[in-house]
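Notes to accompany the following structure.
Only a predicted model underlies this, so the values are computations on that prediction, with no experimental measurement involved. When a ligand or atom number is given, it counts from 1 through the structure's own listing order.
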Amino acid sequence: MAVQAQLFYGGRWTDGVSVSELRDKYDGALVAEVHEAGAEQVTAALEGVARGQAEHRLTPYERFEILSRTAESVRGRRDEFVRTVVADTGFTVTDARREVDRAVQTLILSGEEAKRIHGEMVPWDAASGAAQDRYAFTVRRPLGVVCAITPFNSPLNTLTHKVAPALAAGNGVVVKPATYTPLSAGLLVRTLLEAGLPESLIAVVHGGGSTVGQWLLESRVPAFYAFTGSTEVGAHIQRTVGLRRTQLEMGSLSSTVVCEDADLTKAAAACVNAAFRKAGQVCTSVQRLYVHAGVVDDFAAELTGIVAASVAGDPRDEKTLVGPVISEAEAVRIASWIDRAVQGGARVMAGGTRHGTVVEPTVLTGVGADMEVHCREVFGPVVSVRPYTDLDRAMDEINDTPYGLSAGIFTADLTKALDAVEKLDMGSVHINETSSNRVDLMPYSGAKQSGMGIEGPRYAVHEMTQQRLVTLARP
Ligand code: NDP
C-alpha cells in the first residue's frame with residue numbers, strides 16, 4: 001500500500017474527503033496517496049487550533065525546549081528527512097541535505113527567540129506635563145492562530161520559517177503545504193508532536209489552493225497569514241484577508257552583476273550554484289547575469305566549462321547537479337521559453353534540451369530584453385548572460401521589473417559596490433556574492449512586488465506577536 005499523507009487536526013491523523021496520487025518527479029512512480037480536506041475539516045482544523053491556543057499557555061522556556069528537541073530530532077533523522085524532501089520535490093540529494101540542515105538551523109534559531117520575546121520601558125514621565133507617578137512599558141502577546149501557506153520549492157525549510165517562529169511566539173498553527181509537496185510537512189509535524197508539542201496547537205490540511213487554500217483565507221479564525229509563493233497568489237491573499245496581518249514572500253526576477261575587476265573564477269562557481277541548485281526553482285536564483293563586456297567572453301567560458309561538465313538527471317545520484325523540475329508541464333514551459341529565445345536570436349552556450357521533467361542546465365547569450373527568459377520569472381535551470389558597458393544602465397535594467405527581492409554584484413571596487421547598495425531597489429544586496437546568498441538568521445524580505453513583512457526567526461517572531469502598552473499608576 002502506498003504511503004498515506006493524511007490530514008492532522010483535532011489531535012489525530014485523519015483521512016480526507018478525497019485522495020490524489022503523488023508521483024515521483026523524476027520517474028513518475030507512485031510515491032504516496034494524499035488525503036485532501038473537505039470544507040468542514042478545514043473549519044474543524046482552524047477551530048481546534050484556536051481552542052488549543054486559548055487553552056495551552058506554554059511558557060517561553062517550554063516552547064524553547066520543544067523547538068530545540070525538534071531540531072535535534074530532525075538532525076538525528078536527517079536521512080529520512082532527505083529521502084522525504086527528494087520524494088516530495090525531485091531535488092538532488094545534495095539540495096535536499098541543504099534544505100534539511102537549514103531547517104535544523106531555523107528550528108534552533110526560533111527556539112532561542114522564544115526566550116527573547118520582550119517589550120520595552122516607555123519613559124512616560126519624560127513627556128511634557130505628564131503625571132510623574134507612573135510607569136509605562138510594553139509586552140508582546142501571541143496573535144492566536146497563524147495560517148502557513150507554502151510553495152513547492154522549499155517544502156521543509158520555508159515551512160519551518162513559518163511554523164517555528166509562530167510556535168516560538170506562542171501561537172497555534174494551521175499548515176497548508178503545496179499540493180506538489182505534502183510529505184515534508186507531515187514529517188515535520190510528526191516530529192514536533194514527538195518533541196512534546198501539544199496536539200491541539202497544530203494542524204495540517206492538504207488540498208488545492210483554490211479549495212483548501214481559499215477556505216483558509218475566507219475563515220475569520222487566523223489572525224496572521226504567513227505565505228510564500230507567487231506574487232499573483234500573494235496579492236489574492238492580501239485582498240481576501242483584508243486588514244489582518246500577513247507576511248508575503250513572493251515572486252522575483254533575480255540578477256547578479258559581474259564587473260570587469262571581479263575574480264571571474266570565484267564568481268562563475270558561485271553563479272553556477274545559484275542558478276542551478278534546486279533546478280533553478282529558487283526565488284533568488286540567478287536568472288540574469290550582467291557581465292562587463294570586457295570580460296564577458298572569459299566569464300562565459302568559465303561558466304559553460306563548469307556547466308558542460310555537470311550531470312543532469314536522477315536526483316538520487318550523488319553526481320547529479322540538476323534534477324527534475326516540479327512537473328512535466330513546467331519542464332515543457334521552460335523548454336518552450338528557451339526555444340522561443342533561440343528562434344529570436346539567442347545562442348545556447350550549454351544545455352538547452354529537455355528529457356521528461358529534466359531540463360538541462362542552460363546558459364544563454366544574445367538574449368533580448370523582451371524575451372520570456374529575460375522578462376518573466378523562469379523558475380527553472382536557465383541563466384542568461386548579458387554584456388554591459390555602463391554599470392548605471394545595467395542597474396537601471398535590473399531595477400526595471402515589478403520585483404525587488406535580491407541582487408548580487410562581484411567587484412573589487414568599493415565605489416561600485418556602494419553604488420549598487422544605494423541604487424538597487426532590493427530587499428537584499430550582496431557584494432561579492434550572488435542574489436541567492438542567505439543564512440536563516442538574516443532578515444529576509446522583498447521590495448516592490450516581491451514581498452511584505454520579514455522572514456527570519458527574530459523578525460518573524462516579532463511580526464507574529466502583538467504589542468500591548470501597559471501603564472501603571474499608584475492607586
Ligand atoms: P503558488 O503561488 O502557485 O503556490 C503557493 C501556495 O499557495 C501553494 O500552497 C498553493 O496551493 C497556494 N495557493 C494557490 N492558490 C491559492 C488560493 N487561492 N488561496 C490560498 N492559497 C493558494 O507558488 P508555487 O508553489 O508555484 O511557488 C513558486 C513561486 O513562489 C515563485 O513565484 C517563487 O518566486 C515564489 N517564491 C518566493 C520566495 C520568496 O521568499 N520571496 C521563496 C520561494 C518561492 P497549491 O499548491 O495547492 O496550488
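Residue pairs meeting the salt bridge (charged side-chain N to carboxylate O under 4.0 Å, His left out) criterion with at least one member in residues 162-189, sequence neighbours excluded, are K162-E455. Residue pairs meeting the salt bridge (charged side-chain N to carboxylate O under 4.0 Å, His left out) criterion with at least one partner in residues 214-234, sequence neighbours excluded, are absent. Within the structure, the salt bridge (charged side-chain N to carboxylate O under 4.0 Å, His left out) test picks out the following pairs touching residues 369-381 (sequence neighbours left out): R340-E372.
F379 has its ring centre less than 6.0 Å from the ring centre of F152.
For R77, the CZ atom is densely surrounded, since the number of other residues' heavy atoms within 6.0 Å is greater than 12.
Within 4.0 Å of ligand 1, protein heavy atoms come from I149, T150, P151, F152, N153, K176, P177, A178, T179, G207, G208, G209, G213, Q214, L217, F227, T228, G229, S230, V233, H236, E249, M250, G251, S252, C283, E377, F379, L405, Y444.
Side chains of Q53 and N171: a donor-acceptor N/O pair is absent below 3.5 angstrom, by distance only.
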